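Accompanying notes for the structure given below.
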Amino acid sequence: MLSKRIIPCLDVKEGRVVKGVNFLGLKDAGDPVELAKQYNESGADEICFLDITASIEARSALINVISRTAREVFIPLTVGGGVQAPSDIGDLLRAGADKVSINSGAVKDISVISEGSRQYGSQCIVIAIDVKNSGNTRTGWEVFVKGGRAATGLDALDWAKKTVGAGAGEILLTSMDADGTKNGYDLPITQLIANEVNVSVIASGGAGKLEHIIDVFRQTKAEAALLASLLHYGELTISQIKNALKENNIPIRNT
Amino acid sequence: MILKKTNSQICILKSNFANLYSVYNACLSLGFQPIISDNFTDIQNSDILIFPGVGSFAPVKKELDEKGLSSLIQAEVKKGKLFLGICLGMQILFEKSSEGLNIEGLGIFKGEVLPLNPQIVSRIPHIGWNELHIQNNFKSHTIFNSVGSQAQVYFVHSYFCSPLDPKQIVATTEAGTNYQIPVMVNQDNAYGMQFHPERSGKTGLLMLKNFLNLA
(Lines give C-alpha, C1' and ligand atoms only; values in the text may rest on other atoms or scores of the structure.)
Protein backbone atom coordinates (compact mmCIF):
# COMPACT_ATOMS: atom_id res chain seq x y z
CA MET A 1 0.00 0.00 0.00
CA LEU A 2 1.24 3.51 -0.82
CA SER A 3 2.33 5.59 2.15
CA LYS A 4 0.80 8.99 2.75
CA ARG A 5 3.45 11.62 2.10
CA ILE A 6 4.59 14.57 4.19
CA ILE A 7 6.08 17.28 1.97
CA PRO A 8 7.84 20.36 3.39
CA CYS A 9 7.54 23.34 1.06
CA LEU A 10 10.16 26.08 0.99
CA ASP A 11 9.55 29.48 -0.58
CA VAL A 12 12.68 30.45 -2.46
CA LYS A 13 13.52 33.95 -3.69
CA GLU A 14 16.67 34.68 -5.65
CA GLY A 15 18.15 31.44 -4.39
CA ARG A 16 17.40 32.09 -0.71
CA VAL A 17 14.67 30.86 1.59
CA VAL A 18 12.17 33.56 2.44
CA LYS A 19 10.34 33.43 5.78
CA GLY A 20 12.61 32.61 8.65
CA VAL A 21 13.24 29.06 9.55
CA ASN A 22 13.88 28.05 13.15
CA PHE A 23 16.35 25.24 13.16
CA LEU A 24 19.18 24.71 15.53
CA GLY A 25 22.54 23.70 14.20
CA LEU A 26 22.12 24.96 10.68
CA LYS A 27 25.10 26.64 9.14
CA ASP A 28 22.91 28.78 6.94
CA ALA A 29 19.19 28.79 7.62
CA GLY A 30 18.59 30.81 4.49
CA ASP A 31 20.12 28.20 2.22
CA PRO A 32 17.44 25.99 0.62
CA VAL A 33 19.97 23.19 0.19
CA GLU A 34 20.80 23.08 3.91
CA LEU A 35 17.10 22.99 4.75
CA ALA A 36 16.31 20.33 2.18
CA LYS A 37 19.09 18.19 3.68
CA GLN A 38 17.70 18.77 7.16
CA TYR A 39 14.17 17.77 6.14
CA ASN A 40 15.49 14.75 4.27
CA GLU A 41 17.33 13.63 7.41
CA SER A 42 14.23 14.09 9.53
CA GLY A 43 12.05 11.90 7.32
CA ALA A 44 10.42 14.11 4.69
CA ASP A 45 9.02 12.01 1.83
CA GLU A 46 9.63 14.66 -0.79
CA ILE A 47 10.79 18.27 -0.90
CA CYS A 48 9.01 21.15 -2.64
CA PHE A 49 10.64 24.43 -3.67
CA LEU A 50 8.36 27.25 -4.68
CA ASP A 51 10.24 29.98 -6.49
CA ILE A 52 8.71 33.37 -5.81
CA THR A 53 11.33 35.31 -7.70
CA ALA A 54 9.74 37.83 -9.98
CA SER A 55 12.50 38.39 -12.50
CA ILE A 56 13.73 36.07 -15.21
CA GLU A 57 17.36 37.00 -14.43
CA ALA A 58 17.11 35.46 -10.98
CA ARG A 59 16.13 32.15 -12.55
CA SER A 60 19.75 31.04 -12.67
CA ALA A 61 19.88 31.26 -8.86
CA LEU A 62 17.01 28.77 -8.70
CA ILE A 63 18.65 26.43 -11.19
CA ASN A 64 21.81 26.55 -9.08
CA VAL A 65 19.84 25.73 -5.91
CA ILE A 66 18.15 22.76 -7.62
CA SER A 67 21.36 21.28 -8.94
CA ARG A 68 23.10 21.67 -5.57
CA THR A 69 20.12 20.04 -3.83
CA ALA A 70 20.06 17.16 -6.32
CA ARG A 71 23.69 16.40 -5.51
CA GLU A 72 22.94 15.91 -1.82
CA VAL A 73 19.31 14.95 -1.36
CA PHE A 74 18.11 11.62 -2.72
CA ILE A 75 14.36 11.92 -2.36
CA PRO A 76 11.99 13.43 -4.94
CA LEU A 77 12.18 17.16 -5.52
CA THR A 78 9.26 19.18 -6.86
CA VAL A 79 9.91 22.71 -8.11
CA GLY A 80 7.37 25.35 -9.06
CA GLY A 81 7.00 29.04 -9.69
CA GLY A 82 6.85 30.96 -12.95
CA VAL A 83 6.65 27.97 -15.27
CA GLN A 84 5.14 29.22 -18.53
CA ALA A 85 6.45 27.01 -21.31
CA PRO A 86 7.55 23.42 -21.88
CA SER A 87 11.14 24.69 -22.15
CA ASP A 88 10.90 25.94 -18.53
CA ILE A 89 9.94 22.40 -17.50
CA GLY A 90 12.94 21.02 -19.36
CA ASP A 91 15.28 23.50 -17.67
CA LEU A 92 14.10 22.52 -14.18
CA LEU A 93 14.18 18.78 -14.89
CA ARG A 94 17.69 19.00 -16.32
CA ALA A 95 18.83 20.88 -13.22
CA GLY A 96 17.65 17.93 -11.11
CA ALA A 97 13.96 18.46 -10.32
CA ASP A 98 11.89 15.29 -10.46
CA LYS A 99 8.57 17.05 -10.86
CA VAL A 100 7.57 20.55 -11.94
CA SER A 101 4.50 22.30 -10.61
CA ILE A 102 2.63 24.67 -12.89
CA ASN A 103 0.05 27.19 -11.78
CA SER A 104 -0.93 30.38 -13.64
CA GLY A 105 1.10 29.36 -16.68
CA ALA A 106 -1.48 26.64 -17.29
CA VAL A 107 -4.41 29.02 -16.82
CA LYS A 108 -2.84 31.30 -19.40
CA ASP A 109 -2.26 28.46 -21.84
CA ILE A 110 -3.07 24.85 -21.04
CA SER A 111 -0.70 23.64 -23.76
CA VAL A 112 2.14 23.93 -21.22
CA ILE A 113 0.49 20.89 -19.54
CA SER A 114 -0.36 18.93 -22.68
CA GLU A 115 2.91 19.68 -24.47
CA GLY A 116 4.96 19.30 -21.26
CA SER A 117 3.45 15.90 -20.48
CA ARG A 118 3.91 14.77 -24.06
CA GLN A 119 7.58 15.69 -23.99
CA TYR A 120 8.52 14.72 -20.46
CA GLY A 121 5.71 12.42 -19.28
CA SER A 122 2.75 12.99 -16.95
CA GLN A 123 4.76 11.69 -14.02
CA CYS A 124 6.67 14.97 -13.76
CA ILE A 125 3.79 17.41 -14.30
CA VAL A 126 2.05 18.72 -11.19
CA ILE A 127 -0.84 21.13 -11.62
CA ALA A 128 -0.93 23.61 -8.74
CA ILE A 129 -4.45 24.91 -8.17
CA ASP A 130 -5.24 27.76 -5.77
CA VAL A 131 -8.92 27.87 -4.89
CA LYS A 132 -11.34 30.10 -3.00
CA ASN A 133 -14.96 29.53 -2.18
CA SER A 134 -16.23 32.57 -4.07
CA GLY A 135 -19.62 31.16 -4.93
CA ASN A 136 -19.12 32.34 -8.50
CA THR A 137 -18.73 28.98 -10.21
CA ARG A 138 -20.58 25.69 -10.64
CA THR A 139 -19.29 24.14 -7.42
CA GLY A 140 -18.71 27.48 -5.71
CA TRP A 141 -14.96 26.97 -5.65
CA GLU A 142 -13.08 29.19 -8.06
CA VAL A 143 -9.51 29.04 -9.32
CA PHE A 144 -7.35 32.04 -8.43
CA VAL A 145 -3.91 33.02 -9.74
CA LYS A 146 -1.25 35.54 -8.73
CA GLY A 147 -1.08 34.26 -5.17
CA GLY A 148 -4.83 34.38 -4.75
CA ARG A 149 -5.24 37.97 -5.93
CA ALA A 150 -6.74 37.36 -9.35
CA ALA A 151 -9.97 35.45 -9.97
CA THR A 152 -10.09 33.42 -13.18
CA GLY A 153 -13.76 32.53 -13.36
CA LEU A 154 -12.71 28.89 -13.70
CA ASP A 155 -14.46 26.29 -11.59
CA ALA A 156 -11.98 24.39 -9.42
CA LEU A 157 -13.36 20.92 -10.16
CA ASP A 158 -13.72 21.54 -13.89
CA TRP A 159 -10.18 22.92 -14.03
CA ALA A 160 -8.79 19.96 -12.09
CA LYS A 161 -10.44 17.51 -14.50
CA LYS A 162 -9.38 19.49 -17.54
CA THR A 163 -5.72 19.65 -16.52
CA VAL A 164 -5.66 15.94 -15.64
CA GLY A 165 -7.18 15.27 -19.04
CA ALA A 166 -4.41 17.36 -20.58
CA GLY A 167 -1.75 15.24 -18.87
CA ALA A 168 -1.12 16.46 -15.33
CA GLY A 169 0.00 13.54 -13.16
CA GLU A 170 -0.69 15.06 -9.76
CA ILE A 171 -2.66 17.95 -8.23
CA LEU A 172 -1.29 20.34 -5.62
CA LEU A 173 -4.46 21.85 -4.17
CA THR A 174 -4.17 24.96 -2.02
CA SER A 175 -7.20 26.46 -0.33
CA MET A 176 -6.73 30.24 -0.17
CA ASP A 177 -9.51 30.33 2.42
CA ALA A 178 -7.65 27.99 4.75
CA ASP A 179 -4.09 29.07 3.97
CA GLY A 180 -2.50 30.90 6.88
CA THR A 181 -5.46 30.37 9.22
CA LYS A 182 -3.99 27.36 11.06
CA ASN A 183 -7.58 26.15 11.41
CA GLY A 184 -7.04 22.99 9.40
CA TYR A 185 -7.08 21.90 5.78
CA ASP A 186 -10.13 22.73 3.71
CA LEU A 187 -11.61 19.23 3.84
CA PRO A 188 -14.68 19.72 1.58
CA ILE A 189 -12.79 20.95 -1.48
CA THR A 190 -9.94 18.49 -0.90
CA GLN A 191 -12.43 15.64 -0.74
CA LEU A 192 -14.40 16.88 -3.74
CA ILE A 193 -11.34 17.04 -5.99
CA ALA A 194 -9.76 13.83 -4.65
CA ASN A 195 -13.01 11.92 -5.24
CA GLU A 196 -13.47 13.13 -8.77
CA VAL A 197 -10.00 12.76 -10.27
CA ASN A 198 -7.86 9.64 -10.64
CA VAL A 199 -4.49 11.23 -9.92
CA SER A 200 -2.93 11.93 -6.51
CA VAL A 201 -4.00 15.06 -4.67
CA ILE A 202 -1.60 16.93 -2.38
CA ALA A 203 -3.51 18.96 0.23
CA SER A 204 -2.13 22.37 1.10
CA GLY A 205 -3.05 25.31 3.30
CA GLY A 206 -4.36 25.58 6.85
CA ALA A 207 -2.51 22.98 8.89
CA GLY A 208 -2.06 24.28 12.45
CA LYS A 209 -1.74 21.16 14.55
CA LEU A 210 -1.34 17.39 14.39
CA GLU A 211 -5.08 16.70 14.30
CA HIS A 212 -5.40 18.65 11.07
CA ILE A 213 -2.94 16.40 9.31
CA ILE A 214 -4.62 13.28 10.68
CA ASP A 215 -8.01 14.65 9.58
CA VAL A 216 -6.97 15.37 6.00
CA PHE A 217 -5.84 11.77 5.58
CA ARG A 218 -8.78 10.26 7.49
CA GLN A 219 -11.54 12.32 5.99
CA THR A 220 -10.33 12.83 2.44
CA LYS A 221 -8.56 10.80 -0.19
CA ALA A 222 -5.55 13.13 -0.32
CA GLU A 223 -2.30 11.21 -0.84
CA ALA A 224 0.01 13.85 0.59
CA ALA A 225 0.08 16.90 2.83
CA LEU A 226 2.16 19.96 2.08
CA LEU A 227 3.51 21.81 5.11
CA ALA A 228 5.35 25.08 5.42
CA SER A 229 5.41 27.36 8.48
CA LEU A 230 4.36 24.64 10.89
CA LEU A 231 7.61 22.84 10.14
CA HIS A 232 9.78 25.87 9.42
CA TYR A 233 9.08 27.47 12.77
CA GLY A 234 9.65 24.20 14.54
CA GLU A 235 6.10 23.98 15.90
CA LEU A 236 5.97 20.35 14.80
CA THR A 237 8.65 17.99 13.59
CA ILE A 238 8.22 15.45 10.83
CA SER A 239 8.78 12.61 13.26
CA GLN A 240 6.04 13.92 15.57
CA ILE A 241 3.69 14.04 12.60
CA LYS A 242 4.63 10.58 11.39
CA ASN A 243 4.29 9.08 14.85
CA ALA A 244 0.83 10.57 15.23
CA LEU A 245 -0.21 9.29 11.80
CA LYS A 246 1.13 5.84 12.63
CA GLU A 247 -0.82 5.76 15.90
CA ASN A 248 -3.91 6.51 13.86
CA ASN A 249 -3.21 3.64 11.46
CA ILE A 250 -2.44 5.93 8.55
CA PRO A 251 0.24 4.30 6.39
CA ILE A 252 3.49 6.26 6.43
CA ARG A 253 7.07 5.64 5.34
CA ASN A 254 9.34 4.53 8.14
CA THR A 255 12.63 6.38 8.18
CA MET B 1 35.07 13.34 -0.95
CA ILE B 2 37.23 10.25 -1.21
CA LEU B 3 36.33 8.28 -4.27
CA LYS B 4 36.37 4.57 -3.82
CA LYS B 5 39.30 2.89 -5.48
CA THR B 6 37.57 0.48 -7.75
CA ASN B 7 38.45 -1.14 -11.00
CA SER B 8 34.82 -1.20 -12.02
CA GLN B 9 33.96 1.38 -14.63
CA ILE B 10 30.33 2.42 -14.43
CA CYS B 11 28.68 3.76 -17.55
CA ILE B 12 25.31 5.52 -17.32
CA LEU B 13 23.71 5.28 -20.71
CA LYS B 14 23.14 8.73 -22.13
CA SER B 15 19.70 9.35 -23.60
CA ASN B 16 17.37 12.27 -24.11
CA PHE B 17 14.76 10.72 -21.89
CA ALA B 18 16.26 10.42 -18.47
CA ASN B 19 17.23 12.41 -15.46
CA LEU B 20 20.78 11.10 -15.84
CA TYR B 21 22.24 13.26 -13.13
CA SER B 22 20.11 11.78 -10.33
CA VAL B 23 21.72 8.41 -10.89
CA TYR B 24 25.11 10.02 -11.49
CA ASN B 25 24.88 12.01 -8.23
CA ALA B 26 23.72 8.95 -6.32
CA CYS B 27 26.76 6.97 -7.56
CA LEU B 28 29.05 9.86 -6.62
CA SER B 29 27.59 10.06 -3.12
CA LEU B 30 28.38 6.35 -2.73
CA GLY B 31 32.01 6.96 -3.66
CA PHE B 32 31.83 5.70 -7.24
CA GLN B 33 32.83 7.75 -10.27
CA PRO B 34 30.61 6.89 -13.23
CA ILE B 35 30.69 8.24 -16.74
CA ILE B 36 27.65 9.30 -18.77
CA SER B 37 28.00 8.21 -22.36
CA ASP B 38 26.37 6.75 -25.45
CA ASN B 39 29.72 6.05 -27.08
CA PHE B 40 30.16 2.42 -28.19
CA THR B 41 33.71 2.11 -26.85
CA ASP B 42 32.76 3.59 -23.47
CA ILE B 43 29.88 1.16 -23.18
CA GLN B 44 31.95 -1.83 -24.26
CA ASN B 45 34.78 -0.94 -21.90
CA SER B 46 32.51 -0.47 -18.90
CA ASP B 47 32.01 -3.15 -16.27
CA ILE B 48 28.61 -1.91 -15.21
CA LEU B 49 25.96 -0.42 -17.46
CA ILE B 50 23.03 1.53 -16.01
CA PHE B 51 20.08 2.60 -18.09
CA PRO B 52 17.79 5.10 -16.34
CA GLY B 53 14.72 6.00 -18.34
CA VAL B 54 11.64 8.15 -18.02
CA GLY B 55 8.96 9.10 -20.52
CA SER B 56 7.30 6.60 -22.81
CA PHE B 57 8.34 3.34 -24.44
CA ALA B 58 8.24 4.20 -28.14
CA PRO B 59 10.45 7.34 -28.31
CA VAL B 60 13.03 5.82 -25.97
CA LYS B 61 13.28 2.62 -28.00
CA LYS B 62 13.42 4.69 -31.20
CA GLU B 63 16.38 6.65 -29.85
CA LEU B 64 18.20 3.46 -28.87
CA ASP B 65 17.59 2.00 -32.32
CA GLU B 66 18.73 5.12 -34.13
CA LYS B 67 21.95 5.24 -32.15
CA GLY B 68 22.54 1.53 -32.74
CA LEU B 69 22.43 0.97 -29.00
CA SER B 70 19.68 -1.68 -28.93
CA SER B 71 21.87 -4.40 -30.42
CA LEU B 72 24.89 -3.20 -28.44
CA ILE B 73 23.01 -3.50 -25.12
CA GLN B 74 21.74 -6.95 -26.09
CA ALA B 75 25.28 -8.07 -26.94
CA GLU B 76 26.82 -6.61 -23.77
CA VAL B 77 24.20 -8.22 -21.51
CA LYS B 78 24.72 -11.53 -23.32
CA LYS B 79 28.47 -11.26 -22.70
CA GLY B 80 27.71 -11.06 -18.99
CA LYS B 81 28.02 -7.36 -18.28
CA LEU B 82 26.35 -6.23 -15.07
CA PHE B 83 23.29 -4.26 -16.17
CA LEU B 84 20.64 -2.25 -14.36
CA GLY B 85 17.57 -0.82 -16.05
CA ILE B 86 15.64 1.71 -13.97
CA CYS B 87 11.94 2.55 -14.51
CA LEU B 88 11.47 2.77 -18.28
CA GLY B 89 15.00 1.40 -18.55
CA MET B 90 13.60 -1.80 -17.00
CA GLN B 91 10.52 -1.88 -19.22
CA ILE B 92 12.59 -1.61 -22.37
CA LEU B 93 14.29 -4.94 -21.45
CA PHE B 94 11.04 -6.81 -22.14
CA GLU B 95 9.71 -8.06 -25.47
CA LYS B 96 6.88 -5.60 -25.98
CA SER B 97 4.75 -2.95 -24.29
CA SER B 98 1.10 -1.93 -24.47
CA GLU B 99 2.43 1.62 -24.40
CA GLY B 100 4.10 1.31 -27.78
CA LEU B 101 2.32 -1.35 -29.79
CA ASN B 102 4.19 -2.77 -32.77
CA ILE B 103 7.49 -1.69 -31.25
CA GLU B 104 9.75 -4.45 -30.05
CA GLY B 105 11.61 -4.15 -26.79
CA LEU B 106 15.07 -5.58 -26.23
CA GLY B 107 13.68 -8.99 -25.29
CA ILE B 108 16.32 -9.63 -22.64
CA PHE B 109 13.43 -10.65 -20.40
CA LYS B 110 10.57 -12.69 -21.87
CA GLY B 111 7.23 -11.07 -21.19
CA GLU B 112 5.47 -7.79 -21.71
CA VAL B 113 4.84 -4.37 -20.24
CA LEU B 114 1.21 -3.77 -19.24
CA PRO B 115 -0.78 -0.75 -18.06
CA LEU B 116 -1.73 -0.62 -14.37
CA ASN B 117 -5.36 -1.71 -14.04
CA PRO B 118 -7.38 1.49 -13.46
CA GLN B 119 -10.19 -0.57 -11.89
CA ILE B 120 -7.81 -1.59 -9.09
CA VAL B 121 -5.22 1.17 -8.92
CA SER B 122 -7.19 4.25 -7.90
CA ARG B 123 -4.47 6.79 -8.70
CA ILE B 124 -2.49 6.53 -11.92
CA PRO B 125 0.42 7.28 -12.22
CA HIS B 126 1.30 5.14 -9.20
CA ILE B 127 3.27 7.87 -7.40
CA GLY B 128 4.87 7.62 -3.98
CA TRP B 129 6.54 5.32 -1.49
CA ASN B 130 5.50 1.70 -1.49
CA GLU B 131 6.77 -1.42 0.21
CA LEU B 132 8.86 -4.05 -1.53
CA HIS B 133 7.74 -7.64 -1.07
CA ILE B 134 10.93 -9.58 -1.66
CA GLN B 135 10.36 -13.05 -3.08
CA ASN B 136 11.61 -15.95 -0.94
CA ASN B 137 14.39 -17.07 -3.28
CA PHE B 138 15.86 -13.55 -3.32
CA LYS B 139 15.60 -12.74 0.38
CA SER B 140 19.26 -13.49 1.00
CA HIS B 141 20.47 -11.86 -2.23
CA THR B 142 23.43 -9.48 -1.77
CA ILE B 143 21.39 -6.61 -3.19
CA PHE B 144 19.26 -6.60 -0.03
CA ASN B 145 22.19 -6.59 2.41
CA SER B 146 21.23 -4.36 5.37
CA VAL B 147 18.09 -3.24 3.53
CA GLY B 148 15.60 -5.02 5.79
CA SER B 149 12.44 -6.88 4.90
CA GLN B 150 10.11 -3.86 4.87
CA ALA B 151 11.96 -1.57 2.51
CA GLN B 152 9.92 1.31 1.09
CA VAL B 153 10.99 2.80 -2.21
CA TYR B 154 9.81 5.59 -4.49
CA PHE B 155 7.66 4.81 -7.53
CA VAL B 156 6.34 6.93 -10.34
CA HIS B 157 4.93 4.97 -13.27
CA SER B 158 1.76 3.96 -15.13
CA TYR B 159 2.96 0.66 -16.68
CA PHE B 160 4.55 -2.42 -15.16
CA CYS B 161 6.56 -5.42 -16.35
CA SER B 162 5.11 -8.90 -16.40
CA PRO B 163 7.85 -11.53 -16.89
CA LEU B 164 6.80 -14.89 -18.35
CA ASP B 165 9.08 -16.68 -15.93
CA PRO B 166 7.94 -15.94 -12.36
CA LYS B 167 11.35 -17.07 -11.07
CA GLN B 168 12.79 -13.83 -12.50
CA ILE B 169 10.66 -11.75 -10.13
CA VAL B 170 12.82 -10.42 -7.31
CA ALA B 171 10.20 -8.26 -5.63
CA THR B 172 6.62 -7.09 -6.00
CA THR B 173 4.64 -4.21 -4.54
CA GLU B 174 0.96 -3.79 -3.72
CA ALA B 175 -0.19 -1.13 -6.18
CA GLY B 176 -3.85 -1.68 -5.26
CA THR B 177 -5.87 -3.85 -2.87
CA ASN B 178 -4.59 -7.42 -3.31
CA TYR B 179 -2.90 -6.32 -6.54
CA GLN B 180 0.77 -7.26 -6.46
CA ILE B 181 2.85 -6.18 -9.43
CA PRO B 182 6.44 -7.22 -10.22
CA VAL B 183 8.74 -4.25 -9.61
CA MET B 184 12.18 -5.82 -9.61
CA VAL B 185 13.52 -8.57 -11.87
CA ASN B 186 16.77 -10.42 -12.33
CA GLN B 187 18.20 -12.92 -14.77
CA ASP B 188 21.90 -13.71 -14.44
CA ASN B 189 23.72 -10.36 -14.72
CA ALA B 190 20.69 -8.28 -15.76
CA TYR B 191 18.59 -6.40 -13.20
CA GLY B 192 15.54 -4.20 -13.56
CA MET B 193 13.98 -1.85 -11.00
CA GLN B 194 10.63 -0.18 -11.63
CA PHE B 195 11.19 2.15 -8.67
CA HIS B 196 13.88 4.82 -8.45
CA PRO B 197 16.72 3.72 -6.15
CA GLU B 198 18.36 7.11 -6.75
CA ARG B 199 15.27 8.86 -5.30
CA SER B 200 14.49 6.34 -2.55
CA GLY B 201 16.51 7.87 0.27
CA LYS B 202 18.89 5.73 2.31
CA THR B 203 17.15 2.48 1.32
CA GLY B 204 17.56 3.21 -2.38
CA LEU B 205 21.18 4.27 -2.04
CA LEU B 206 21.94 1.10 -0.12
CA MET B 207 20.42 -1.06 -2.84
CA LEU B 208 22.32 0.86 -5.50
CA LYS B 209 25.55 0.40 -3.56
CA ASN B 210 24.90 -3.33 -3.14
CA PHE B 211 24.25 -3.56 -6.87
CA LEU B 212 27.45 -1.71 -7.82
CA ASN B 213 29.41 -3.98 -5.50
CA LEU B 214 28.21 -7.03 -7.45
CA ALA B 215 30.83 -6.22 -10.10
Side-chain angles (χ1 to χ4, degrees), chain A residues 1-7 39-41 43-47 66-78 90 92-99 117-126 164 167-171 194-195 197-202 221-224 251-255, chain B residues 1 16-30 53-57 59-60 87-88 99 116 118-119 121-131 148 150-159 173-179 196-206 208:
Chain A
M1 195 198 296
L2 277 177
S3 299
K4 300 293 182 181
R5 285 171 280 155
I6 298 297
I7 309 174
Y39 282 131
N40 177 32
E41 284 299 311
D45 298 307
E46 193 170 321
I47 304 280
I66 298 169
S67 58
R68 284 198 295 130
T69 307
R71 280 200 286 273
E72 302 194 58
V73 177
F74 298 99
I75 57 173
L77 175 64
T78 301
L92 298 174
L93 293 177
R94 268 187 295 277
D98 296 285
K99 298 187 270 189
S117 66
R118 196 189 62 77
Q119 283 184 34
Y120 305 103
S122 289
Q123 83 290 335
C124 67
I125 308 289
V126 181
V164 169
E170 214 169 14
I171 295 174
N195 277 347
V197 299
N198 57 2
V199 299
S200 298
V201 172
I202 303 166
K221 290 181 178 166
E223 291 290 333
I252 51 112
R253 177 174 75 110
N254 299 307
T255 46
Chain B
M1 188 189 300
N16 296 326
F17 297 95
N19 193 345
L20 303 163
Y21 287 94
S22 304
V23 178
Y24 179 83
N25 287 328
C27 290
L28 276 188
S29 83
L30 294 167
V54 294
S56 51
F57 196 86
V60 173
C87 197
L88 194 71
E99 197 184 11
L116 290 168
Q119 309 300 322
V121 184
S122 51
R123 312 276 176 207
I124 295 176
H126 174 232
I127 296 186
W129 298 81
N130 213 332
E131 197 175 307
Q150 302 203 313
Q152 286 161 299
V153 289
Y154 186 76
F155 290 90
V156 46
H157 64 118
S158 304
Y159 291 79
T173 202
E174 192 176 87
T177 309
N178 297 322
Y179 183 62
H196 290 270
E198 78 283 7
R199 298 278 92 182
S200 295
K202 283 178 192 154
T203 301
L205 290 179
L206 197 51
L208 192 59

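Just so you know, these numbers use all the heavy atoms, side chains as well, and skip hydrogens, waters and symmetry mates. What you see is a predicted model, and the numbers here were worked out from it, not measured in a lab. Lettering follows sequence order; numbering is per chain, from 1.
In this structure, B:Leu28 and A:Arg71 have side chains that are not in contact, with every pair of non-hydrogen atoms separated by 4.5 Å or more.
Using a 4.5 Å cut-off between heavy atoms, A:Leu2 contacts chain B through both its backbone and its side chain. Heavy atoms closer than 4.5 Å to chain B are found nowhere in A:Glu72, neither backbone nor side chain. For chain B, the nearby part of A:Val73 is the backbone; its heavy atoms alone come within less than 4.5 Å. Heavy atoms of B:Ile127 lying under 4.5 Å from chain A belong to its backbone as well as its side chain. Using a 4.5 Å cut-off between heavy atoms, A:Asn40 does not touch chain B at all.
Interface remark: of the candidates A:Ala194, A:Pro251, A:Cys124, A:Ala194 forms the most heavy-atom pairs closer than 4.5 Å to chain B. Most heavy-atom pairs under 4.5 Å with chain B: of the set A:Arg118, A:Gln123, A:Lys4, A:Arg94, this distinction falls to A:Gln123. Interface remark: of the candidates A:Ser122, A:Ser3, A:Pro76, A:Pro76 forms the most heavy-atom pairs closer than 4.5 Å to chain B.
The distance from atom CG of B:Leu30 to atom CZ of A:Phe74, rounded to the nearest 0.5 Å, is 7.5 Å. Note that CG of A:Asp98 is 4.5 Å distant from CZ of B:Arg199, once rounded to the nearest 0.5 Å. The line from CD1 of A:Ile75 to NZ of B:Lys202 is 11.0 Å long, rounded to the nearest 0.5 Å. Interatomic distance, CD of A:Glu223 versus CH2 of B:Trp129, reported as 15.0 Å (0.5 Å rounding). Here B:Ser200 contributes atom OG and A:Arg253 contributes atom CZ; the two are 8.0 Å apart, rounded to the nearest 0.5 Å.
Side chain of B:Gln152 to backbone of A:Ile252: a donor-acceptor contact under 3.5 angstrom is found. Judged by distance alone, the side chain of B:Arg123 and the main-chain N or O of A:Val197 form a donor-acceptor pair under 3.5 Å. The main-chain N or O of A:Met1 is found under 3.5 Å from a side-chain atom of B:Asn130 such that the two form a donor-acceptor pair.
Nearest heavy-atom pair, B:Pro125 versus A:Gly169, reported as atom, atom and distance to 0.1 Å: CD-O, 3.8 Å.
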